[in-house]
Number of protein chains: 2
Amino acid sequence: MAAVERLGYVPNRIAGTLASTTSRLVAFVIPSLSNIVFADVLRGAGAVLEENRYQAVFSVTDYDPSKEEALAAAMLAWRPAAVMLAGYEHTDGTAKMLRASGCRVVELLDLDGDAIDIAVGFSNRAAGRESAAFLLKRGYRRIGYVGHDLSRDIRAGKRFASFCEILEANGTPLVAREILAGASSVENGRLALERLLARASDLDAVYFSNDDMALGGYFHCLAQGIVIPSQLALFGYNGLDIGRAIPQPLSTIRTPRVATGQMAAELVVANAPPQAIDLGFELIEGATA
Amino acid sequence: MAAVERLGYVPNRIAGTLASTTSRLVAFVIPSLSNIVFADVLRGAGAVLEENRYQAVFSVTDYDPSKEEALAAAMLAWRPAAVMLAGYEHTDGTAKMLRASGCRVVELLDLDGDAIDIAVGFSNRAAGRESAAFLLKRGYRRIGYVGHDLSRDIRAGKRFASFCEILEANGTPLVAREILAGASSVENGRLALERLLARASDLDAVYFSNDDMALGGYFHCLAQGIVIPSQLALFGYNGLDIGRAIPQPLSTIRTPRVATGQMAAELVVANAPPQAIDLGFELIEGATA
DNA sequence: TTGAAAGCGCTAACAT
DNA sequence: ATGTTAGCGCTTTCAA
């Protein structure tokens with residue numbers, strides 16, 4: 001130990017991992033780092049992994065399934081204990097490779113589908129339904145939608161589809177929608193609401209693909225003097241902290257993102273059996289709807 | 001190759017790394033994942049690393065230098081090609097260990113100090129000075145400060161110190177300050193500005209530790225009917241996208257975070273000689289100051 | 001050009 | 001309890 005100290009010796013984990021053929025690497029293959037959702041998941045998982053001396057490695061797919069496949073393959077080359085990815089929508093190749101890999105696979109933030117191994121999250125379809133039911137209960141009937149690229153953000157697409165189903169079942173189908181091609185952002189939310197209202201000025205409520213978009217909508221209303229919620233109600237998704245700090249707290253659904261990461265990491269560390277865990281979500285009434 | 005295909009063989013990078021004794025791992029030791037600043041750096045670096053078949057691994061210090069030391073040591077055990085950390089403020093142990101490790105070390109987002117090896121970023125002191133000079137040029141004289149825990153966020157502390165120096169040199173020292181103990185957040189910015197104004201109602205401008213805090217201040221003013229910037233001017237730091245989407249674009253300094261990550265990764269990939277690269281920053285005039 | 005063999009720095013199984 | 005040795009799955013060097 002004196003020599004260890006003197007020489008600054010640090011055991012080589014590469015060699016250790018090779019020798020033991022069991023790794024303490026956990027690979028994250030996530031759609032984006034800009035989206036706070038995935039940063040929150042990483043944060044939750046990171047804390048648990050670190051306590052258990054696991055090491056997190058990551059790569060970013062930009063919501064591209066074929067890139068996900070390439071990155072998942074690259075990750076597998078490190079022989080991780082587990083690979084964590086977002087949702088259920090993978091290419092056949094990804095699913096097959098993951099299944100054959102022998103390492104644990106955790107699918108995060110969605111429960112509407114079949115898991116490869118472990119799934120931790122909540123139902124986006126249920127979130128869409130509850131959002132619609134809430135707006136209807138509040139008496140809104142002329143409802144519009146503002147979203148971002150749904151072909152890439154499949155979970156947002158699930159929410160939207162379920163949202164529309166409830167509106168239709170109620171006999172008050174969606175009046176209008178404005179879907180921008182790019183990623184979700186505050187700026188895009190603002191722009192999209194402006195466009196939507198230009199086409200459908202008599203809406204009484206708008207459902208947004210997430211809080212970022214909804215904040216943009218809120219700022220548009222502020223700038224235009226549109227009174228919220230009497231003139232127009234706004235509803236988001238995610239329950240970001242910033243939504244509570246604006247003058248009128250945003251009505252939204254709060255999702256347990258950090259808890260999702262934590263739970264996922266705990267299951268991996270414990271080598272738990274395959275299972276799907278529903279962490280639920282919470283509807284925040286707020287002041288905008 | 002037929003067998004490779006049939007068996008789904010993936011070369012073991014652990015073994016490969018051990019055998020070649022050269023790794024393509026890059027270790028990030030960052031203060032936080034909640035702070036978009038570090039997510040941006042990771043994003044910029046991640047893209048470049050991926051193209052060059054490097055793999056990013058990370059861990060989070062929570063702004064704790066002793067935790068940084070422990071995590072850096074853990075990272076070194078993976079024999080990375082480089083370790084990237086935020087700023088210059090490390091424990092002696094961390095610096096010594098890093099120097100002895102033989103791997104490249106990149107210090108990010110600060111240039112006010114001495115680099116161990118490579119440094120990429122911009123001067124926080126210069127940013128503080130320019131912010132002060134801008135407010136003075138605009139005619140503000142009764143200036144306050146709203147910040148978060150500066151003992152942890154050392155770069156924010158540097159900005160603040162330099163900001164104050166310029167005010168003092170001008171004969172108009174800082175009138176009041178409100179520094180909250182916690183991390184920066186929109187909610188804390190709102191709360192802190194409220195407290196600051198309760199004690200010093202005659203301020204004509206407030207400098208915030210960053211845009212998150214400044215947004216909170218902006219929302220406080222909106223809610224209280226304080227007219228911006230005639231009654232009170234606000235100035236932030238970071239140049240977050242959301243600051244451009246609020247009804248009055250936030251006056252702030254935009255920092256090249258993604259570019260910092262990219263440049264850092266490029267230098268590591270190219271095995272560039274030790275150097276400090278100043279990527280500068282841009283003052284955004286906005287509408288709040 | 002192709003093939004064989006010797007490690008890389010550990011872990012784990014085995015022998016003492 | 002302690003010491004020895006055979007790998008882990010590759011890369012690299014050296015021989016053929």
Side-chain angles (χ1 to χ4, degrees), chain A residues 1-27 29 49-59 69-83 93-94 96-105 268-271, chain B residues 1-27 29 49-59 69-83 93-94 96-105 268-271:
Chain A
M1 289 313 292
V4 162
E5 185 64 22
R6 185 162 40 84
L7 301 170
Y9 167 80
V10 177
N12 184 329
R13 300 260 278 160
I14 297 278
T17 301
L18 215 217
S20 67
T21 62
T22 64
S23 102
R24 282 179 180 251
L25 284 171
V26 172
V29 182
L49 293 180
E50 191 183 291
E51 281 168 18
N52 292 278
R53 307 180 353 99
Y54 279 68
Q55 179 61 57
V57 316
F58 74 93
S59 54
E69 180 166 345
L71 291 173
M75 286 303 197
L76 254 18
W78 291 100
R79 300 295 188 271
V83 13
T94 304
K96 188 180 158 196
M97 175 173 51
L98 254 17
R99 246 183 267 270
S101 72
C103 74
R104 302 309 300 266
V105 2
V268 165
V269 167
N271 197 24
Chain B
M1 289 314 291
V4 163
E5 185 66 20
R6 184 162 40 83
L7 300 171
Y9 167 81
V10 178
N12 185 331
R13 301 258 283 164
I14 297 278
T17 302
L18 215 217
S20 68
T21 62
T22 65
S23 102
R24 282 180 179 249
L25 284 171
V26 172
V29 182
L49 293 180
E50 191 182 293
E51 281 168 19
N52 292 278
R53 307 183 351 101
Y54 279 69
Q55 179 61 57
V57 315
F58 74 94
S59 54
E69 180 167 344
L71 292 173
M75 286 303 199
L76 255 18
W78 291 100
R79 300 295 187 272
V83 12
T94 304
K96 190 180 156 195
M97 175 171 53
L98 254 19
R99 247 183 267 270
S101 71
C103 73
R104 303 308 301 267
V105 1
V268 165
V269 167
N271 198 26

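What you see below is based on every heavy atom in this structure, not just the backbone, and it leaves out hydrogens, waters and symmetry mates. Reminder, nothing fancy here: chain letters follow the sequence lines and each chain counts from 1.
- Rounded to 10 degrees, the angle separating the terminal helix axes of the helix from C/dT1-D/dA16 to C/dC14-D/dG3, each built from five base pairs, is 40°.
- A 4.5 Å side-chain heavy-atom check between B/P80 and B/V26 finds every atom pair outside the cut-off.
- Evaluation of the side chain to side chain donor-acceptor pair (under 3.5 Å) test over residues 7-20 of chain A, restricted to residues two or more places apart or in two chains, returns A/S20-A/T22.
- Under the salt bridge (Lys or Arg N to Asp or Glu O under 4.0 Å) criterion, B/E69 pairs with no residue at all, not counting sequence neighbours.
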Item checked: B/S/- contact track for nucleotides 1-6 of chain D, protein heavy atom under 4.0 Å -> ------
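- For B/R24 and D/dT11, the CZ to P distance is 12 Å, given to the nearest whole Å.
- By the side-chain contact (heavy atoms from CB on, under 4.5 Å) test, B/V57 is found to be paired with A/Q55, A/V57, B/L25, B/A27, B/M75, residues two or more places apart in sequence or in another chain being considered.
- Remark: the backbone N or O of A/A81 is paired with a side-chain donor or acceptor of A/S23 at under 3.5 angstrom.
- Between the side chain of A/R24 and the backbone N or O of A/N52, at least one donor-acceptor pair lies under 3.5 Å.
- Within residues 8-23 of chain A, the residues that have a heavy atom under 4.0 Å from DNA chain D are, in order of number, A/L18, A/A19, A/T21.
- With rounding to the nearest 0.5 Å, the separation of CG in B/L71 from CZ in B/F58 is 11.0 Å.
- Proximity of B/V10 to A/R79: side-chain heavy atoms (C-beta onward) are separated by under 4.5 Å at one or more points.
- Every residue two or more places apart in sequence or in another chain that forms a salt bridge (Lys or Arg N to Asp or Glu O under 4.0 Å) with B/R104 is listed here: B/D117.
- Distance check: A/L76 CG to A/T94 OG1 gives 10.0 Å after rounding to the nearest 0.5 Å.
- Residues meeting the side-chain contact (heavy atoms from CB on, under 4.5 Å) test with A/A19, sequence neighbours left out: none.
- Nucleotides of DNA chain C that come within less than 4.0 Å of any heavy atom of chain B span, from the 5' end to the 3' end, C/dG7 to C/dG9.
- Among residues two or more places apart in sequence or in another chain, the side-chain contact (heavy atoms from CB on, under 4.5 Å) test is passed with B/A74 by none.
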